[in-house]
There are 2 protein chains.
Amino acid sequence: MPGAPRGIDDLAAGPGVRSHRRVTMQQVAVEAGVSVSTVSKVINSRYGISAATAAHVNGVIERLGYETSLVARSLRNQRTNVIGVLVADFEPFSTEVLKGAADAIRDSGFELVAYSAGGRVDEHVGWERRYLSRLMGTLVDGAVLVTPTVTDVDSDGPVVAIDPHTGSTTIPTVTADNLQGARAGVRHLLQLGHTRIGMVTGRVDLVSAQLREQGFREALAEAGVAVDDSLVVPGAFEADVAREAARGLLGRPGRPTAVFAASDQMALAVLEVAAELGIRVPHELSVVGFDNIPESALSDPPLTTVQQPIREMGRDAVALLIELIEGAEPAELHRTLGTDLVLRRSTRALGGTPS
Amino acid sequence: MPGAPRGIDDLAAGPGVRSHRRVTMQQVAVEAGVSVSTVSKVINSRYGISAATAAHVNGVIERLGYETSLVARSLRNQRTNVIGVLVADFEPFSTEVLKGAADAIRDSGFELVAYSAGGRVDEHVGWERRYLSRLMGTLVDGAVLVTPTVTDVDSDGPVVAIDPHTGSTTIPTVTADNLQGARAGVRHLLQLGHTRIGMVTGRVDLVSAQLREQGFREALAEAGVAVDDSLVVPGAFEADVAREAARGLLGRPGRPTAVFAASDQMALAVLEVAAELGIRVPHELSVVGFDNIPESALSDPPLTTVQQPIREMGRDAVALLIELIEGAEPAELHRTLGTDLVLRRSTRALGGTPS
DNA sequence: GTGAAAGCGCTAACAC
DNA sequence: GTGTTAGCGCTTTCAC
């Protein structure tokens, strides 16, 4: 019984009838009086279509406001020309990465889609794996994993990790020179005469966090300063956690004269806590961060920090991923970008004269 | 066969041998010795499956690491349980929105995907329309448009706009009380004794920008202060443009004693230019922003600004969208959230004594 | 309880 | 040049 009021039926009733469902190629074909495959060929500029037909079909497409369904096309083709970026949450670091990724995507013919675990990372370690298998090969041609919670992803397509998990051996990575960076940051503190230096560490499962702590320890050892482990507190790369840690660190007697935080977000938290406790920065406390996120330049005082080229990392990761997707053999599968110490006003010589 | 950890390769014994492609339901079915439809029923917990079969199939799924293809499922079902957020670029405002959206998505059963035009908005006005028709009804069940470049979207599904384009009549919107907010900001300046007040305006095609300018003019009129149109300069909600505008505004003789910027990003740019020109803030220039993005609290001096609950706007937009998707009749289709003046240190009484 | 078969919207052989 | 046909991986009647 032809009782179903479906869009296609409407259209079959006569031209010009617009239903509320999305316009399909089928409808374009009927409306243009040609076959679906002809429409498909017109859309994809395949050979073997007369100019007149092409023009006519394009007219109908225009008139009906037709756009190809990404999903249907993806199911049919193995290629989708979409790159996915998987981030745990939208915060300053991942946002910078996203900007870099967007830079790299420009004029590449790819589109960019970001998936967020919504900050629920601790509850769902390994969420990337699930997302990856549901998307890869169908929705995206490849993916960039930002600070992933998993080591190896047995993915069905190219994957590049930014700031990878510890022990990632197989997947290509883009990362900053965390060891050198941390060393430089701590050396700076040492040169200013500080010896009682605290550290707020990052997410223990990330290579970057481990290397930053290692750099901290090495710089201290190099200067013949013994590490006081009670001054090394966990911050997990999260502002809240870092704030708590900073309270413990700064609220106690014999507090450090300087703090190295494994990320700017955490360094900013240290700054806040210092203000809260009436500890003047840099007069009574020097603080060095890591990342050089935009916010670090705007803090009071502006943060001395180890800059890593986050945006460039996003750009490189996507560029590398595209090479992989295109089947090229990239020269290097593990790219490490340099870090620089950015001197601002949150550090100062121990016992220095007031400015 | 002992010691074969590659489930997929084992399975490839039959027809359709393709080693590295994703695991399909078909493969699970073969491996489990059942039909595809049975596997589908197990996955979707449909009735009519024996506990034994379910357990067995689940075991195979586990072993093979199978995950359903989002694309294939989307093509078949009308529902995808995915919500899309379309942003022009990843910057502080849209990122805050994204965070709010992520909040709202939690435990809703929906997933969140962000699409970015990659900052190429000016080149591609109306990009949302294209994305929308390619995604809606297939990839996403609904979408949130952040500061869209288009008025009406003849979309095939629910759409909610945050900070909409001028003249949007049909689509539901979530927005802040821009008029009141701007009035409050400018009144604050007037109360401090300023009368020569400049303004850096926003993207002219956005309702928010227009209302902020209107609020500026109304507050001035209300105080009996004539608007000097040469003091109203376009900033387009972009830091670069605002910087240029600020240079013109502050570099000239007879510069204003106060500036109201239609966004924090632009206010921050004004701060930078002031520093560049050696104009001390707030001593020689008061600055009021709009948004209260995180960065505004960290500037030097911290920015006095009109706060709009960006994150909440993201949350509300998604909540509203979900109602729409679920077929509910939302009580209100246009939600306006309150704004508050946040007093920090970038404003000061005209001719006030040094602190 | 389970399987066979149709079909979502699209593309790519291959016919005509 | 253009149409016909066969699926991509999945869900869902409807038989058995």
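These values consider heavy atoms only, across backbone and side chains, with no hydrogens, waters or symmetry-generated copies. Letters A, B, ... mirror the listed sequences (proteins, then strands); counts begin at 1.
- Side-chain contact check for Thr166(B) and Asp205(B): no donor-acceptor pair (N or O, by modelled atom type) lies under 3.5 Å.
- Rounded to a whole Å, the CD atom of Gln78(A) is 18 Å from the P atom of dC10(C).
- Ser74(B) comes within 4.0 angstrom of nothing in the nucleic acid, heavy atoms only.
- The aromatic rings of Phe90(A) and Phe90(B) lie parallel to each other, with less than 30° between the two planes, well short of the 60° mark.
- Between Ser69(A) and dG9(C) there is no side-chain polar atom (N or O) within less than 4.0 angstrom of OP1 or OP2.
- Nucleotide dG7(D) holds its P atom 17 Å from the CG atom of Leu75(B), rounded to whole Å.
- Distance, Glu67(B) CD to dC10(D) P: 11 Å, rounded to whole Å.
- Note that CD of Glu128(B) and NE2 of His165(B) are 8.5 Å apart. Values are rounded to the nearest 0.5 Å.
- Per the geometry, CD1 belonging to Ile61(B) stands 10 Å off P belonging to dC10(D), to the nearest Å.
- In this structure, Asp163(A) has no salt bridge (Lys or Arg N to Asp or Glu O under 4.0 Å) partners at least two apart in sequence or on a different chain.
- Checking the phosphate oxygens (OP1, OP2) of dC10(D), no side-chain nitrogen or oxygen of Ser40(B) falls inside 4.0 Å.
- Taking the salt bridge (Lys or Arg N to Asp or Glu O under 4.0 Å) definition, one finds that Lys41(B) meets it with nothing, sequence neighbours left out.
- Applying side-chain contact (heavy atoms from CB on, under 4.5 Å) to Ile83(A) and the options Ile322(A), Val140(A), Asp141(A) leaves one that passes, Ile322(A).
- Atom CD1 of Ile49(B) and atom NE2 of His56(B) lie 13.0 Å apart (nearest 0.5 Å).
- Near DNA chain C, meaning a heavy atom under 4.0 Å from it, residues 46-60 of chain A has Arg46(A) in order of number.
- Between the P atom of dT4(D) and the CE atom of Met25(A) lies a distance of 14 Å, rounded to the nearest Å.
- For the pair Asn44(B) CG and dG9(D) P, the interatomic distance rounds to 17 Å; values are reported in whole Å.
- Taking the salt bridge (Lys or Arg N to Asp or Glu O under 4.0 Å) definition, one finds that Glu62(A) meets it with nothing, sequence neighbours left out.
- Considering only side-chain N and O atoms, Asn77(B) lies nowhere under 4.0 angstrom from the phosphate OP1 or OP2 of dC8(C).
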What's touching nucleotides 4-7 of chain C from the protein side, N or O pairs under 3.5 Å?
unit_1 : atom_1 : unit_2   : atom_2 : d
dA4(C) : N6     : Ser37(B) : OG     : 3.3
dG7(C) : N2     : Arg76(B) : NE     : 3.4
dG7(C) : N2     : Arg76(B) : NH1    : 2.8
dG7(C) : N3     : Arg76(B) : NH1    : 3.4

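- Here Glu91(A) pairs with nothing under the salt bridge (Lys or Arg N to Asp or Glu O under 4.0 Å) rule; sequence neighbours left out.
- Among the protein residues, Val71(A) comes within range of no part of the nucleic acid, since none of its heavy atoms lies under 4.0 Å from any strand.
- Summarising the geometry, the separation between CD on Gln27(A) and P on dG9(C) is reported as 8 Å, rounded to the nearest angstrom.
- If you measure from atom CG of Leu139(A) to atom P of dC8(D), you get 18 Å, rounded to the nearest angstrom.
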